[in-house]
Amino acid sequence: MSAKLSEQAAKQRIDQIKPKLKKWSQEYYVQDRPSVEDDVYDSTYQELVSLETQYPNLITADSPTQNVGGKLLPQFSKVNHHIPLLSLGDVFSKQELDDFTIRVEKNYPAVKQFNCELKIDGLSISLRYENGVFVEGSTRGNGQIGEDITRNLKTIPSIPQKLTRPITIEVRGECYMPKKSFAKLNEERERNGESGFANPRNAAAGSLRQLNPRITASRHLSTFMYNVADYNDLKTNTQSGLLAELNDLGFNINPSYQVADNLDQINAYIDRYQQQRDGLDYGIDGIVIKVNDLKLQTKIGATVKIPKWAIAYKFPPEEAET
Ligand SMILES: NC(=O)c1cnc(N)c2cc(Br)sc12
């Protein structure tokens, strides 16, 4: 934690830091011309987190620390994510995606395969198991501190209370509300004179962060799990193999993942699911492309917020229904 600045000095420093972090992010992800090394970004980001922690009243919605996971509710006890939940860098065009894969393959010639996965429009969660038993579940929060929502998560049928092997593991994924459940919930709320949820993601977040688990249980939530905090007890050495192993352990996995050996295969996957997204019973807002080799993922590493071995290709916003 930096030496305690006065609130006025902290505000001045925060106002200096925020535009720098936004500029550096833009350079790194969109222009592929980072003007600072990762460690400069990381240390500046950590300084902002430290100053905002000292003076929470100085946190603004547009702060780079606030674009993951949203605010923590005081009613839930806090969970410290020993291995932070990372976010994802976003790209919005196939050219930017091409730049990402070219940059990775240029810097790491050993990269031969990517794994393509659907980007689920829900709320990120982390599930911790000890000797195969579900012991704690939490929201992402700000990536380092989340909310303990174990009691609510225990009501979701797709979350196994006990794994098929007695391993100790922490798994990350997305909790979502199926579109059909969302439509029924809003019809019911409007019949009762209540306002409807804006979209399934908000409905899932609102349902998961209920203080009463019985309300959560009534909302037909589900999950797709897709990452682990560490790989010690797993047999696989690829991302695609990890998903298959999580499925064998009893987790719900989105089956639409696909290994890609080249950019054409990645683009074909993107085109396929951009066409099929409306027919899915869950929201997706893009595609996640990851280096498939887990050891290479570790070697490539991450900044303080995002992996450098993965990217999210975001679909253009859906046309509002007229
Ligand atoms: N398949 C994936 O890795 C995935 C799917 N859906 C999401 N909303 C996210 C978010 C992060 Br961060 S990763 C990921």
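Each ligand, and each atom within it, is numbered from 1 in the order the structure gives. Any value given below was found using the heavy atoms of this structure, including those in side chains, with hydrogens, waters and symmetry copies removed.
- Taking a cut-off of under 4.0 Å to the non-hydrogen atoms of S87, the atoms of ligand 1 that pass are 12 (Br).
- Among all protein heavy atoms, the one lying closest to atom 3 (O) of ligand 1 is K290 NZ, 2.7 Å.
- Close approach of ligand 1 to L86 is summarised as follows: ligand atoms under 4.0 Å from at least one heavy atom of the residue are 12 (Br).
- The single protein non-hydrogen atom nearest to atom 9 (C) of ligand 1 is Y226 OH, 3.3 Å, given as residue, atom name and distance.
- Panel note: side chain E117, backbone S256; no donor-acceptor pair is recorded below 3.5 Å.
- Shown here are the ring pair (Phe, Tyr, Trp, His ring centres under 6.0 Å) partners of Y273, two or more places apart in sequence or in another chain: Y269.
- For E117, a nitrogen or oxygen atom sits less than 3.5 Å from a nitrogen or oxygen atom of ligand 1, counting backbone and side chain alike.
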Test K94 against D271 for salt bridge (Lys or Arg N to Asp or Glu O under 4.0 Å), laying out the working first. CA-CA 11 Å; K94 292 200 174 166; D271 295 343; 2.4 Å; yes
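- Within the 4.0 Å heavy-atom shell around ligand 1 one finds L118.
- In this view, R189 satisfies the salt bridge (Lys or Arg N to Asp or Glu O under 4.0 Å) rule with no residue, not counting sequence neighbours.
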Verdict with supporting geometry, R209 and E147, salt bridge (Lys or Arg N to Asp or Glu O under 4.0 Å): CA-CA 9 Å; R209 297 167 79 194; E147 296 143 319; 2.8 Å; yes
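- Listed by atom number, the atoms of ligand 1 under 4.0 Å from K119 heavy atoms are 5 (C), 6 (N), 7 (C), 8 (N).
- Proximity of the aromatic rings of F224 and Y176 is defined here by a centroid distance below 6.0 angstrom, and this criterion is met.
- At the shortest separation from atom 8 (N) of ligand 1 among protein heavy atoms lies I120 O, 2.9 Å.
- Proximity of the aromatic rings of F251 and Y226 is defined here by a centroid distance below 6.0 angstrom, and this criterion is not met.
- For atom 11 (C) of ligand 1, the closest non-hydrogen atom of the protein is L88 CD1, 3.6 Å.
- At under 3.5 Å, not a single nitrogen or oxygen of R140, backbone or side chain, sits near a nitrogen or oxygen of ligand 1.
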